[in-house]
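Read the structure below first, then the notes.
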2 protein chains.
Amino acid sequence: MLVTLKQIAEELGISITTVSKALKEYPDVSKKTRKLVRETAAMLNYKPNSFAVNLRTKESKTIGLIIPEIVHHFFSSVIKGIISQAEKKGYLVITLQSNESYELEKKQIDLLISKRVDGILISLANGTADYKHISEVLNQETPLVMFDKIAKAIKCSKVTIDDRKAAYKATQYLIDIGCKRIAHFRGPLLPQNSIDRFLGYKQALTDNNIIYDPTLVYLLNKMSFDEGKFYANQLLKDHNDVDGIFINTDLVAIGAISEFNNQGIKVPEQINVIGFSNWFMASVISPSLTTINQPGFEIGKKAFKLLYKEIKDRKKKKIINYKNIVLETDLIVRESTV
Amino acid sequence: MLVTLKQIAEELGISITTVSKALKEYPDVSKKTRKLVRETAAMLNYKPNSFAVNLRTKESKTIGLIIPEIVHHFFSSVIKGIISQAEKKGYLVITLQSNESYELEKKQIDLLISKRVDGILISLANGTADYKHISEVLNQETPLVMFDKIAKAIKCSKVTIDDRKAAYKATQYLIDIGCKRIAHFRGPLLPQNSIDRFLGYKQALTDNNIIYDPTLVYLLNKMSFDEGKFYANQLLKDHNDVDGIFINTDLVAIGAISEFNNQGIKVPEQINVIGFSNWFMASVISPSLTTINQPGFEIGKKAFKLLYKEIKDRKKKKIINYKNIVLETDLIVRESTV
DNA sequence: CTGAAAGCGCTTACAG
DNA sequence: CTGAAAGCGCTTACAG
């Protein structure tokens with residue numbers, strides 16, 4: 001069995017209180033006692049029982065993370081950023097995958113609250129349109145920070161990129177290199193980032209006096225490689241004059257390029273393709289993919305830092321000022337555009 | 001603040017004991033009381049304080065997972081498999097990244113033990129040569145299951161693939177399609193799977209009466225895309241007669257192919273390339289990569305199931321029979337071999 | 001400098 | 001069927 005304070009106390013014939021204090025660097029313990037206690041603790045391989053500590057201190061030093069999908073270059077980079085930062089501050093991370101399902105997400109929030117995590121980090125599921133579960137958390141005074149897929153309506157701290165601006169930049173680039181008919185593969189209706197990327201695309205067209213043609217916009221749901229292939233094929237059937245395409249995410253763009261390759265359509269000579277996110281894969285396919293770099297690791301780090309600050313502030317009963325961090329993105333030009 | 005049993009008890013003018021029992025379906029509570037309690041609990045949005053529950057029951061319903069690297073197709077698939085299975089059984093997963101460092105891994109084990117997780121799942125860091133920290137866990141009677149990168153010397157349950165057999169299969173395939181000079185890019189010295197893959201390669205040569213030439217084996221450390229490029233270049237300099245190469249992992253193989261492409265070396269016409277793991281990326285690069293499929297999601301699921309059984313058995317004071325699960329792998333033939 | 005005591009929020013053996 | 005009480009292993013205000 002695992003060693004407790006009591007056993008150390010008995011071993012040395014002193015009180016539990018003193019042992020506890022000695023181990024925690026309280027100043028009112030004699031040097032000698034402290035040394036003795038520390039040596040005994042080390043010898044017995046004592047490790048504080050976190051259940052008891054948590055119960056007393058009402059802190060778990062654990063945060064929850066809810067993410068739509070783990071096997072995903074962007075999200076796994078975010079996870080890595082969060083975990084690396086959390087570790088530095090002595091926090092552990094419980095990771096849950098919502099699978100883009102609102103129901104699951106709700107259940108997982110409940111689980112985490114019941115676990116009494118000190119805070120929650122979340123990127124919303126595509127299926128989430130109702131935010132009651134989120135505001136309940138905020139009302140219960142558990143700090144929560146959203147990242148990537150956020151809800152604009154909810155008042156809390158957020159870490160995002162400027163999706164609209166990034167999409168604008170990508171579309172503008174297509175225009176600058178001479179594209180006249182630019183299609184867009186967008187994501188599902190709900191998540192804010194797929195809305196914003198669409199709006200950025202549209203805005204760039206308008207600002208360049210290109211008439212927005214809704215038939216050039218395809219709405220995707222799964223955002224998968226296969227969907228990319230499918231809609232690339234569809235696009236070729238529907239429009240033979242498209243010379244550029246801005247795609248919501250790299251995986252889909254890579255699927256589209258694969259379909260173009262198969263059908264003998266030359267990228268970029270016949271169609272220019274720009275993706276979004278800068279998955280590692282984007283740099284190794286052929287032709288390599290021009291894309292927007294979305295700094296997942298940084299987003300994760302920043303999100304944890306914000307959450308950490310809120311946890312500390314809440315403990316000190318300070319008023320919490322929600323922050324909105326927007327990270328910079330760059331256009332990475334590769335072979336899929338001329 | 002969050003609601004406690006006491007508040008429900010006061011609200012209804014009954015004892016905490018009865019409230020607790022009513023909520024936990026004890027049979028010795030009247031239907032009426034149970035209904036009342038449940039309604040009140042729901043109304044007040046009661047969620048049991050897990051710190052207190054854990055302290056009493058000595059169970060945390062949480063397991064720890066230590067993995068060398070999160071942003072990695074194989075490992076993130078494993079994580080997903082573990083989390084999905086854990087969720088089904090009501091377990092939460094704390095994920096830690098060892099970064100292939102022995103020191104970090106040791107610290108993380110300590111952290112998890114101190115957290116009193118019910119069990120630990122681990123894939124060893126490449127830097128780990130000493131297993132004291134692992135056997136300590138086992139001695140402390142915390143169930144631990146190893147997967148993928150295991151230590152043969154340690155007695156515990158394990159989930160792996162037959163790396164040797166898989167490597168043999170890959171090498172045999174190269175021989176079957178006519179390769180005479182087959183190189184191997186191997187992983188670092190320590191992890192068992194890089195040893196086994198090397199041995200499988202060597203065995204296949206021997207069984208086919210091909211003389212094993214150590215200069216054809218390159219030892220890589222980081223197992224990165226760039227290292228793949230670097231050693232592909234080195235290989236071309238060292239040997240102009242190599243017609244096949246079996247590479248320890250897909251990412252490196254993709255780097256190598258990229259270098260071959262750059263230098264105008266035709267894959268597979270001049271050099272056949274086989275990777276290992278079947279990252280998603282392997283199917284979308286050009287030429288697509290022939291590789292061994294390593295079922296990450298399945299490995300994760302199986303590893304959790306084994307751990308779960310050990311947790312249950314240990315609780316019932318049953319004797320634990322360590323199991324060694326070896327999952328099947330297939331060779332996926334694609335364009336990088338003739 | 002040391003320690004007795006209360007209490008965190010539960011569960012459960014026991015008494016009635 | 002209900003509840004008083006002990007106890008899980010800590011922390012910390014308080015007394016001496």
Side-chain angles (χ1 to χ4, degrees), chain A residues 1-38 40-41 44-62 90 113-118 140-142 315, chain B residues 1-38 40-41 44-62 90 113-118 140-142 315:
Chain A
M1 267 317 297
L2 288 160
V3 181
T4 64
L5 286 187
K6 200 176 164 194
Q7 285 164 54
I8 300 178
E10 278 168 4
E11 180 83 16
L12 295 172
I14 60 176
S15 75
I16 293 175
T17 304
T18 303
V19 175
S20 173
K21 284 180 181 172
L23 253 18
K24 301 195 72 206
E25 306 276 13
Y26 272 57
D28 62 344
V29 178
S30 72
K31 286 231 153 59
K32 219 174 76 183
T33 308
R34 181 179 312 172
K35 188 158 174 272
L36 216 57
V37 169
R38 304 196 141 251
T40 313
L44 297 176
N45 198 18
Y46 170 76
K47 303 215 178 72
N49 180 322
S50 69
F51 303 158
V53 176
N54 294 345
L55 185 57
R56 269 298 313 230
T57 62
K58 301 187 175 267
E59 270 195 320
S60 64
K61 292 277 186 181
T62 302
I113 293 297
S114 166
K115 256 285 161 187
R116 302 297 199 265
V117 291
D118 294 341
Q140 267 158 165
E141 309 196 20
T142 301
K315 220 179 141 190
Chain B
M1 268 319 296
L2 288 158
V3 180
T4 63
L5 287 186
K6 199 174 161 193
Q7 284 164 54
I8 299 178
E10 277 168 4
E11 180 83 18
L12 296 172
I14 59 176
S15 76
I16 293 174
T17 305
T18 304
V19 175
S20 173
K21 285 179 179 171
L23 253 18
K24 301 195 73 206
E25 306 277 14
Y26 272 56
D28 61 343
V29 177
S30 73
K31 286 231 152 57
K32 217 175 79 186
T33 308
R34 180 177 315 172
K35 186 158 175 275
L36 215 56
V37 169
R38 303 194 142 253
T40 313
L44 297 177
N45 198 18
Y46 170 76
K47 304 217 177 72
N49 181 322
S50 70
F51 302 157
V53 176
N54 295 344
L55 184 59
R56 269 299 312 229
T57 62
K58 300 187 176 267
E59 270 195 321
S60 63
K61 292 279 187 179
T62 302
I113 292 297
S114 167
K115 256 286 162 187
R116 301 299 198 263
V117 292
D118 295 341
Q140 268 159 165
E141 309 197 18
T142 301
K315 220 177 142 191

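Below, all heavy atoms of this structure are taken into account, side chains as well, without hydrogens, waters or symmetry copies. Here is how names work: the chains are called A, B, and so on, in the same order as the sequence lines, proteins then strands, and each is numbered from 1. Note that this is a predicted model, so its numbers are computed, not measured.
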*Under 3.5 Å, is there a donor-acceptor pair linking the side chains of B:T62 and A:K115?*
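Present: a donor and an acceptor within the cut-off.
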*Contacts of type side-chain hydrogen bond (donor to acceptor under 3.5 Å, both in side chains), residue A:T57, not counting sequence neighbours*: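 Scan of A:T57 (side-chain hydrogen bond (donor to acceptor under 3.5 Å, both in side chains), adjacent residues dropped) gives none.
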*Give the stems involving DNA chain C, where a stem is 3 or more consecutive Watson-Crick or G-U wobble pairs (i with j, i+1 with j-1, and so on) under 3.5 Å.*
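Stem list for DNA chain C: C:1-3 with D:14-16, C:5-12 with D:5-12, C:14-16 with D:1-3.
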Expressed as a whole number of angstroms, how long is the span from [X]:[atom1] to [N]:[atom2]?
{"X": "A:F51", "N": "C:dG9", "atom1": "CZ", "atom2": "C1'", "value": "14 Å"}
{"X": "B:K47", "N": "C:dC10", "atom1": "NZ", "atom2": "C1'", "value": "17 Å"}
{"X": "B:L2", "N": "C:dC10", "atom1": "CG", "atom2": "C1'", "value": "14 Å"}
{"X": "A:K24", "N": "D:dA13", "atom1": "NZ", "atom2": "P", "value": "11 Å"}
{"X": "B:Y46", "N": "C:dG9", "atom1": "OH", "atom2": "P", "value": "10 Å"}

*Protein-to-nucleotide contact annotation, 5' to 3' order, nucleotides 1-8 of chain D [B base; S sugar-phosphate only; - none; under 4.0 Å, heavy atom]*: SBBBBBBB
_Listed partners of B:R56 passing salt bridge (Lys or Arg N to Asp or Glu O under 4.0 Å), at least two apart_ =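 None.
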*Non-neighbouring partners of B:K47 that pass salt bridge (Lys or Arg N to Asp or Glu O under 4.0 Å), sequence neighbours left out*: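 Result, salt bridge (Lys or Arg N to Asp or Glu O under 4.0 Å) vs B:K47: A:D110.
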*Non-neighbouring partners of A:K32 that pass side-chain contact (heavy atoms from CB on, under 4.5 Å), sequence neighbours left out*: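 Listed in chain order: A:S30.
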*asked:* Would you say that A:K58 contacts A:K315 through its side chain, given a criterion of any heavy-atom pair below 4.5 Å between the two side chains?
replied: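 The answer is no, as the side chains (C-beta and beyond) never meet within the 4.5 Å cut-off.
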*Under a 4.5 Å cut-off applied to non-hydrogen side-chain atoms, are A:N49 and A:T4 in contact?*
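No, side chains not in contact.
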*Would you indicate what A:Y26 reaches in the nucleic acid, counting non-hydrogen atoms under 4.0 angstrom: base, sugar-phosphate, or nothing?*
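Since only primed, P, OP1 and OP2 atoms lie under 4.0 Å of A:Y26, the category is sugar-phosphate.
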*Within the distance-only criterion (no hydrogens, no angle test), does the side chain of B:R34 pair as donor or acceptor with the backbone N or O of B:L23 below 3.5 angstrom?*
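Here the side-chain-to-backbone pair does not exist.
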